Amino acid sequence: MLTPAFDLSQDPDYLTIAVRVPYARVSEFDVYFQGQDFRFYAKPYFLRLNLPGRIVENGSEQGSYDADKGTSEMSKEGEDEDEEFDWEIEQSPYKEESESTLNLQGHYGFGDLRSGVFQRLQDEFSDIIDIKDPDFTPASERRQKRLAAELAKFDPDHYLADFFEDEAVEQVLKYNPWWTVTYSKMMASVGKSQEQESHATLVSFSEEEKYQLLKFVHKSYLLDKRAHRRVYYSLIDILLAYCYETRVNEGERNVESAWNIRKLSPTLCWFETWTNVHEILVSFGRRVLCYPLYRHFKLVMKACRDTIKILQLGKSAVLKCLLDIHKIFQESDPAYILNDLYISDYCVWIQKAKSKKLAALAEALKEASLTKAQLGLELEELEAAALLAQEEEAAKDVAHSVLRQRIPSSSSEAGNSEDLDSTTSSETEDSDSEQEELKDSEFESISSLRGPFLEESSALLIDVGGVCKPSAILRSDVGQGKPLASSKALGGAGPLIEEVGEQLKTTVQISKPAGSTAGNHSRIQGGAD
């Protein structure tokens, strides 16, 4: 908490305490007094006084706030009493130092009229602005740091996700805010030569907005030509951010509204100054693609067209937007300080601005061009690489699909091939039938030779030319040209195999069938050698 500058004065009737609390939220002043104890709180300021006498409470106390001086005054009836001093937390009185003593290099706020604000308030408002030590950071250094921060924040994956899946973006692009409807009415009801004279009546203010206007202190601003141009340029920057926020939330306000506006406006979060319209568009485009939820180039261009319409509607439309921004910031802690630095002054200044100046500003914004390449984020290269990768992935999917289709078709082709070769197959049917008969006769002859062991065996071993093979395997391998298993592989069955072989020699005769071309096919016939 900061100890504010204060002043005590007393006359025969009243004790007056003047507390200087610049950039504090007026709606949240808190005053407490009892006996000789006096406490004042207005974030980020806190003042506690132990007075030498008691304060009389009789309902005559009153307070006032001077917005220009940032001074709050409280008056109370009081009388002096000598009482024992009550020790409190020690506080150091605030001593204001001149700019020459501080050697300040940074100016900011409306028309660059402020400086030294953040020397003491940096800790309290560090979440509101992105720049550190703005009082000691010149404008050129601010821009360098801002550009570096934007590059560090840019997320290619987030950008490409919004680029390819833009359903939500397309939806908000269809939304028509109030200025779009009002602009259409203006163009339909008046000719271009009468625009500036008759469009003011199309913009109306609510009772709440009128009450807001009554709170502002009307004053004049002495701005040189350079500062005057900067005020107009910063107005564009602030309106662009406001148009984006209004469109993406379709006119509704939420807890992120204040964040969106100040984050998208370098004027508000970096105290940036401008020299032309194009650099404003480039900066706004970069920040749209780096910070908010929806990061799409179409939203950049749409916000630009919205701002043009507002400027063409004149200062009444601009004031209506500024009042909405002021309300959003006032309800957000601690974004309200941006009202003290910029928005409140804009609300007062715009009422005396010339409509011709706003029309010229709208025309300059309309003629300005912006491309993705100018944003310095390599967007076109990212999109090209992503599209190429997408095409390659699509090609792989097509190849896999074709492969899955060809596998069953190959089976079908095999079936068709069998049909086409039916003639050839029919020519060998007799031979195959004869081979089956031979195999059957072989096993019928062998079955008659089964002994006790073979009855329990699952396969019959036959010794044919020194080669032993189970009958089941022999049956399945006939005609396949596969070698027969060696009798050595059969282990302890050797003696039994030899016995069976001797029986076979005396009971069967092995010979090749006449006319057979299959060398592995054998005919087994009963009879002696």
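Not measured: the values here are computed from a predicted model. Side chains are part of it too, since the values below use all heavy atoms of this structure and drop only hydrogens, waters and symmetry mates. Quick note: residue numbers are just sequence positions, from 1.
- Taking the salt bridge (charged side-chain N to carboxylate O under 4.0 Å, His left out) definition, one finds that Glu170 meets it with Lys298, sequence neighbours left out.
- Under the 3.5 Å distance criterion, with hydrogens and angles disregarded, no donor-acceptor pair is assigned to the side chains of Arg262 and Thr267.
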Step by step, would you call Phe216 with Trp349 a ring pair (Phe, Tyr, Trp, His ring centres under 6.0 Å)? CA-CA 11 Å; Phe216 295 121; Trp349 168 83; over 10 Å; no

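- Salt bridge status for Arg253 with Glu245: present, with a side-chain N to carboxylate O gap under 4.0 Å.
- Here the OH-NZ distance, from Tyr291 to Lys153, works out to 7.0 Å after rounding to the nearest 0.5 Å.
- If you check the side chains of Tyr244 and Asn260, you find no donor sitting under 3.5 Å from an acceptor.
- Relative ring orientation between Phe271 and Tyr342 is described as tilted, the plane-to-plane angle lying within the 30° to 60° band.
- Below 30°, between 30° and 60°, or above 60°: for Phe163 and Tyr159 the angle between ring planes is below 30°, a parallel geometry.
- Salt-bridge check for Arg146 with Asp130: failed, with every basic side-chain N at 4.0 Å or more from each acidic carboxylate O.
- Applying the side chain to side chain contact (heavy atoms under 4.5 Å, CB included) criterion to Leu388, with sequence neighbours excluded, gives Glu391, Glu392.
- Aromatic pair Phe110/Tyr221: centroids less than 6.0 angstrom apart.
- Shown here are the salt bridge (charged side-chain N to carboxylate O under 4.0 Å, His left out) partners of Glu207, two or more places apart in sequence or in another chain: Lys210.
- No donor-acceptor contact under 3.5 angstrom links the side chains of Asn339 and Ser344, judged on distance only.
- The side-chain hydrogen bond (donor to acceptor under 3.5 Å, both in side chains) search around Thr273 returns none, not counting sequence neighbours.
- At a cut-off of 3.5 Å, with distance as the only test, a side-chain donor of Tyr108 or Asp135 sits close to an acceptor on the other residue.
- A salt bridge does not link Arg295 with Asp155: none of the charged nitrogens is closer than 4.0 Å to a carboxylate oxygen.
- Counting heavy atoms of neighbouring residues, nucleotides and ligands inside a 6.0 Å radius, atom CZ of Arg229 does not exceed 12 of them.
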Using the salt bridge (Lys or Arg N to Asp or Glu O under 4.0 Å) rule, take Lys219 and Asp345 through it: C-alpha gap first, then chi angles, then the decisive distance, then the call. CA-CA 9 Å; Lys219 54 185 177 180; Asp345 290 321; 3.6 Å; yes

Contacts under 3.5 angstrom, residues 369-379 side chains, donor-acceptor by atom type, not counting sequence neighbours:
residue, atom, partner, partner atom, Å
Thr371, OG1, Gln374, N, 3.4
Lys372, NZ, Glu383, OE1, 3.4
Lys372, NZ, Glu383, OE2, 2.7
Gln374, OE1, His278, NE2, 3.2
Gln374, OE1, Thr371, N, 3.0

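- Electrostatic pairing of Lys327 and Glu208 counts as a salt bridge here, judged by a charged N lying under 4.0 Å from a carboxylate O.
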Evaluate side chain to side chain donor-acceptor pair (under 3.5 Å) for Glu279 paired with Thr275, printing each intermediate quantity in order. CA-CA 8 Å; Glu279 65 182 9; Thr275 58; 3.0 Å; yes

Under the side chain to side chain donor-acceptor pair (under 3.5 Å) criterion, do Asp162 and Tyr294 qualify, and how do the steps go? CA-CA 7 Å; Asp162 285 355; Tyr294 299 118; over 6 Å; no

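- For Asn254, the side chain to side chain contact (heavy atoms under 4.5 Å, CB included) partners two or more places apart in sequence, or in a different chain, are Asn249, Glu256, Ser257.
- For Lys320 and Trp178, the positive end sits near the middle of the six-membered ring, less than 6.0 Å away and at most 45° from its axis.
- Between the OG atom in Ser283 and the CG atom in Leu147 there is a gap of 7.5 Å [rounded to 0.5 Å].
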